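Given the structure is predicted, the values throughout are model-derived calculations rather than measurements.
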Amino acid sequence: PLPTYDEVLVCTPDTEEEEVELIVRRALSSDSQNQKIYCLLGAEKLVYKVSKQLESHFFRLLQSSTVPEYRFIIFCNAKAHNSYVITAFDTYKVTIPCYSKTEIQAYLNTHLKVPCGTAPVAQAFEEPYQQNVKFVFSNQAGMGR
């Protein structure tokens, strides 16, 4: 299933320490055995102080956690070499292979189908397959497009 609001934190330079601590606590708590995958997106954008706190909270909670298998992913831009997060979690680094646009579309077409008998918003799109997710881009943000 797609992640829910409590599983993803999209990081910006304004992301606060409390927000980061909360998602780390969720990922490493005993309740995390419910198969959720917790994610930090754009973690390289965190300011230094929040990045240090992320590292501190993660390793402190990891030592005191009774959860043997947690699901916590930190997504960073590989070109952000000056990010403290990238340095702090370097030993856990996994490079994701690059896929072509066609391969990504084929994967999404296979895995993001709308169940039969539902009337989702996806019906607004005139395509032979109905998907749960559509991305709509606009050159003018906030113009209702």
Side-chain angles (χ1 to χ4, degrees), residues 1-116 118 120-125 127-142 145:
L2 295 172
T4 58
Y5 74 94
D6 66 327
E7 294 174 76
V8 178
L9 176 61
V10 179
C11 300
T12 69
D14 298 325
T15 301
E16 297 179 1
E17 176 188 336
E18 293 80 16
E19 295 171 290
V20 171
E21 181 182 4
L22 181 61
I23 199 159
V24 171
R25 283 186 182 280
R26 287 177 183 157
L28 298 177
S29 73
S30 58
D31 293 340
S32 69
Q33 296 295 333
N34 58 10
Q35 305 304 314
K36 289 187 175 187
I37 301 174
Y38 295 92
C39 307
L40 283 179
L41 300 179
E44 77 281 355
K45 296 176 186 169
L46 295 173
V47 296
Y48 179 77
K49 180 182 176 187
V50 176
S51 296
K52 286 285 289 178
Q53 291 301 321
L54 166 62
E55 178 188 30
S56 173
H57 291 309
F58 177 80
F59 289 109
R60 181 177 45 82
L61 291 170
L62 185 61
Q63 288 178 347
S64 64
S65 177
T66 58
V67 179
E69 295 181 20
Y70 57 90
R71 296 173 180 219
F72 185 60
I73 302 172
I74 301 173
F75 290 94
C76 292
N77 182 343
K79 295 177 183 174
H81 299 293
N82 60 346
S83 168
Y84 184 82
V85 173
I86 292 173
T87 305
F89 293 92
D90 189 57
T91 57
Y92 296 95
K93 181 179 177 180
V94 175
T95 303
I96 300 172
C98 293
Y99 294 101
S100 70
K101 181 179 178 181
T102 308
E103 291 172 313
I104 294 170
Q105 287 174 333
Y107 177 85
L108 292 175
N109 288 339
T110 305
H111 291 85
L112 298 178
K113 299 265 185 210
V114 176
C116 292
T118 60
V121 174
Q123 289 179 342
F125 298 93
E127 294 181 14
Y129 46 87
Q130 300 296 310
Q131 297 178 336
N132 284 330
V133 178
K134 290 286 182 183
F135 291 97
V136 179
F137 296 95
S138 173
N139 291 331
Q140 295 179 323
R145 295 181 183 179

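Looking at every heavy atom in both residues, L28 comes nearest to F58 through CD1-O, 3.7 Å. A27 and Y70 get closest at one heavy-atom pair: O-CB, 3.5 Å. For the pair A43 and C76, the tightest heavy-atom approach, listed with the atom from each and the gap, is CB-SG, 3.8 Å. Here the closest non-hydrogen pair linking C11 and G42 is CB-O, 3.3 Å. Counting all heavy atoms, side chain and backbone alike, L61 lies closest to R25 at CD1-CG, 3.6 Å. Here the closest non-hydrogen pair linking V50 and T15 is CG2-O, 3.5 Å.
In this structure, H57 NE2 and E18 CD are separated by 8.0 Å, a value rounded to the nearest 0.5 Å. Rounded to the nearest 0.5 angstrom, R71 CZ and E7 CD are separated by 10.0 Å. With values rounded to the nearest 0.5 angstrom, K49 atom NZ is found 6.5 Å from E17 atom CD. Note: E103 CD to Q105 CD = 11.0 Å, rounded to the nearest 0.5 Å. I86 CD1 to I74 CD1: the interatomic distance, rounded to the nearest 0.5 Å, is 10.5 Å.
Within the 4.5 Å cutoff, side-chain heavy atoms of L54 are placed close to those of L40. The closest side-chain heavy-atom distance from K79 to E44 is not below 4.5 Å. At least one side-chain heavy atom of R26 sits under 4.5 Å from a side-chain heavy atom of D6.
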Self-check item: From CA spacing to verdict: side chain to side chain contact (heavy atoms under 4.5 Å, CB included), Y84, L46
Solution: CA-CA 8 Å; Y84 184 82; L46 295 173; over 6 Å; no
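The environment of CZ in F59 is crowded: more than 12 heavy-atom neighbours from other residues, nucleotides or ligands sit within 6.0 Å.
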